[in-house]
Amino acid sequence: MSLFDVDNSTDINVHGHLDRDTLSTLSTNFWQQLTAQQRESLKGAGACTVNLNDVERVDSAGLAWLINAVRDTNQNGVSMVFKHMPEKLVKLAKISNVDGFLAVE
């Protein structure tokens, strides 16, 4: 299973571990991990929602990946909103003083 999948063109579901071990094997550029069709769908919609309900574990590398995903989508004219953010991630973002970068639904 991949780290995330895209449903309905604009809903992104993240699965499993969003941590250093998992992310070390992936490109840090979220936008490049999407297919050309997915990128065009997101651009057309201008927004996407990231569902973190299925995230089992998260660390600072996961937080950095999410911040980079926001950067990547913003650079392409797409806003990103998160839902079902794990409490540990919320705390980590606040402690790191980056919670303002993550729009939460």
Side-chain angles (χ1 to χ4, degrees):
M1 180 191 307
S2 65
L3 177 61
F4 66 90
D5 59 69
V6 181
D7 290 341
N8 303 324
S9 302
T10 61
D11 294 330
I12 299 164
N13 300 297
V14 180
H15 310 284
H17 301 168
L18 195 54
D19 62 10
R20 180 189 59 199
D21 294 333
T22 303
L23 296 170
S24 66
T25 62
L26 299 173
S27 164
T28 56
N29 189 317
F30 164 80
W31 195 254
Q32 291 176 351
Q33 293 175 347
L34 298 169
T35 66
Q37 182 179 7
Q38 290 169 332
R39 289 191 293 267
E40 289 306 312
S41 292
L42 291 176
K43 283 181 180 180
C48 65
T49 302
V50 178
N51 183 350
L52 299 169
N53 194 48
D54 198 26
V55 171
E56 298 170 9
R57 186 171 67 213
V58 65
D59 65 13
S60 59
L63 175 60
W65 186 81
L66 292 174
I67 291 169
N68 288 337
V70 171
R71 178 206 61 209
D72 296 345
T73 55
N74 286 341
Q75 287 176 346
N76 287 280
V78 180
S79 63
M80 180 178 274
V81 175
F82 298 93
K83 66 180 183 178
H84 305 296
M85 190 174 287
E87 187 61 32
K88 181 175 181 180
L89 182 57
V90 171
K91 290 178 182 179
L92 188 58
K94 284 182 181 181
I95 290 169
S96 302
N97 201 29
V98 295
D99 52 320
F101 294 107
L102 306 174
V104 179
E105 182 178 273

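Keep in mind it's a predicted model, so treat the numbers as computed, not measured.
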Hey, does [Y] have a side-chain heavy atom less than 4.5 Å from the side chain of [X]?
| X | Y | result |
| --- | --- | --- |
| Val58 | Leu63 | no |
| Val50 | Lys83 | no |
| Leu18 | Leu3 | yes |

Between [atom1] on residue [X] and [atom2] on residue [Y], distance to nearest 0.5 Å:
| X | Y | atom1 | atom2 | result |
| --- | --- | --- | --- | --- |
| Leu52 | Met85 | CG | CE | 5.5 Å |
| Thr22 | Trp65 | OG1 | CH2 | 10.5 Å |
| Ile12 | Cys48 | CD1 | SG | 4.0 Å |
| Asp72 | Gln32 | CG | CD | 7.5 Å |

Derivation of the side-chain contact (heavy atoms from CB on, under 4.5 Å) call for Thr49 and Thr10: CA-CA 6 Å; Thr49 302; Thr10 61; over 6 Å; no

Within residues 8-23 or reaching into it, pairs that qualify as salt bridge (charged side-chain N to carboxylate O under 4.0 Å, His left out) - sequence neighbours excluded: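 Sorted pair list: Asp19-Arg57.
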
Geometric class of the Phe30/Phe4 ring pair [parallel <30°, tilted 30-60°, perpendicular >60°]: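 Correct class here is tilted.
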
Pairs where residues 35-47 contributes a residue and the test side chain to side chain donor-acceptor pair (under 3.5 Å) is met, not counting sequence neighbours: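 Applying side chain to side chain donor-acceptor pair (under 3.5 Å) to every pair that reaches into residues 35-47, excluding sequence neighbours, yields Thr35-Gln38.
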
Show me the donor-acceptor pairs within less than 3.5 Å that the side chains of residues 89-105 make with the rest of the protein, sequence neighbours left out.
residue, atom, partner, partner atom, Å
Ser96, OG, Leu92, O, 2.8

Asn68 and Arg71 side chains, donor-acceptor separation under 3.5 Å: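 Asn68 and Arg71 do have a side-chain donor-acceptor pair below 3.5 Å.
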
Main-chain N/O of Ala47 paired with Ser79 side-chain donor or acceptor, under 3.5 Å: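 No; judged by distance alone, with no hydrogens or angles, the pair does not exist.
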
Side-chain donor/acceptor of Asn76 to backbone N/O of Val78, under 3.5 Å: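 It does not hold such a pair.
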
Contacts of Asn13 that satisfy side chain to side chain donor-acceptor pair (under 3.5 Å) - sequence neighbours left out: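 Listed in chain order: Asp5, Asp7.
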
Side chain to side chain donor-acceptor pair (under 3.5 Å) against Glu87, all qualifying residues, sequence neighbours excluded: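 Partners of Glu87 under the side chain to side chain donor-acceptor pair (under 3.5 Å) test: none.
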
side-chain contact (heavy atoms from CB on, under 4.5 Å) assessment of Asn51 paired with Phe82: CA-CA 6 Å; Asn51 183 350; Phe82 298 93; over 6 Å; no

